[in-house]
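Read the numbers this way: they start at 1 and go in the same order the structure lists the ligands and their atoms. Positions are given from 1, in the same order as the sequence printed here.
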Amino acid sequence: MHAPRSPLLVIYTGGTLGMVETPHGLSPGGHFEPRLREALNTLPPTRRASLPDFDFIATPSPIDSSSATPADWQALAALIEDHQQAYAGIIILHGTDTLSWTASSLAFQLQGIDKPVVVTGAMHPLEAAGSDALANVEGALRFAALPELQEVALYFAGRLLRGVRARKWQTQADDAFISPNYPLLGELVDNAAVLYPGRGLAEHQRGALRFELADYRTLGPSPVVRLALWPGMTARQLGALLLDDTVKGALLEVWGGGNIADDPALIEVLAQARGEGKLVAAISQCPQGHIEIGAYAAGKGLMSAEVLSGDDMTPEAVMTKLIHLLAQPMSDTDRRRHFLTNLVGER
Ligand code: ASP
């Protein structure tokens, strides 16, 4: 007889929450499963008893997430695909520095997910005095046990955010993440996980697996670049990054509601990139709100260079979506159409 399957799976990838002091500073520590189980046993008995049971695995070499690359996002999605069928929900323990990037990438790779995938981390190591690590893992476990949650979400400091809408906003404070253009999916209230009605993914976006596990490594180490305009930026400076042969796409962070300097040479570089088949998408440098390309005369150049509107997406969502679409066997027209479509609640 097989023992009944554990309902949840915790995947440890590294990050501050599992780190230990070394002579070189904080570094990812090992043996995280016994350390975590021991910490959970220190919770008040009723709270401990109401937590769902879980199995635990770790990635082969847990890292500081500041070193994560698209290949890590790909490996993590593959690991989730391998295991997800046996579990009712997945929790990813991850460093906070690039947590929103991993969450965004997972959302595009795990399209149609029919169960909770909750990513979390902590600003302090599990064993540090006053650490937020145990509370974040506890909250993530509670949300990952809710079958109504069918998307990649980010849990931090009592709040559940849509993963592909989240951003790290604080370097020190415990409530380090925000979701600037989308309301909270849920909150922990009196230690109970509460999902707000009507905020989950639309029915056609969830509940029927259509994972897209592309091979990001075929694109080269850094196929998409991130370019924020600054006053006085020259066409030569823009071209140096954008027209590089290894670059297949770019995120352009423009002014306000969708503007760029009235400089024909800048627009010429964008048009040349487009002519070379690169996928260029724009969002605002303002953290809140969306862009409308062409509303001002100062945005018309973006239109003529066929720059795609990223609407109100986060930089993380645009970059991971461009990489994802570039890795799909699709025509340029389909890539552009998919970019403008709301696939997983990202826009
Ligand atoms: N550098 C760490 C990481 O992202 C920071 C953290 O986890 O808070 O792995």
Can you tell me if D114 has over 12 outside heavy atoms packed within less than 6.0 Å of its CG? yes

Evaluate D332 against R274 for salt bridge (charged side-chain N to carboxylate O under 4.0 Å, His left out), listing each step before the verdict. CA-CA 11 Å; D332 177 66; R274 174 74 200 117; 2.8 Å; yes

Pocket residues of ligand 1, ordered first by chain and then by residue number (heavy-atom cut-off under 4.0 Å): G15, T16, D64, S65, G95, T96, D97, A122

Is there a path of hydrophobic side-chain contacts, each under 4.5 Å between heavy atoms, that joins M313 and Y182? no

Any link between M233 and I283 through a network of hydrophobic side chains (Ile, Leu, Val, Met, Phe, Trp, Tyr) touching at under 4.5 Å? no

Taken to the nearest 0.5 Å, the spacing of R142 CZ from N191 CG works out to 6.0 Å

Can you label the angle between the Y216 ring and the H324 ring as parallel, tilted or perpendicular, going by 30° and 60°? perpendicular

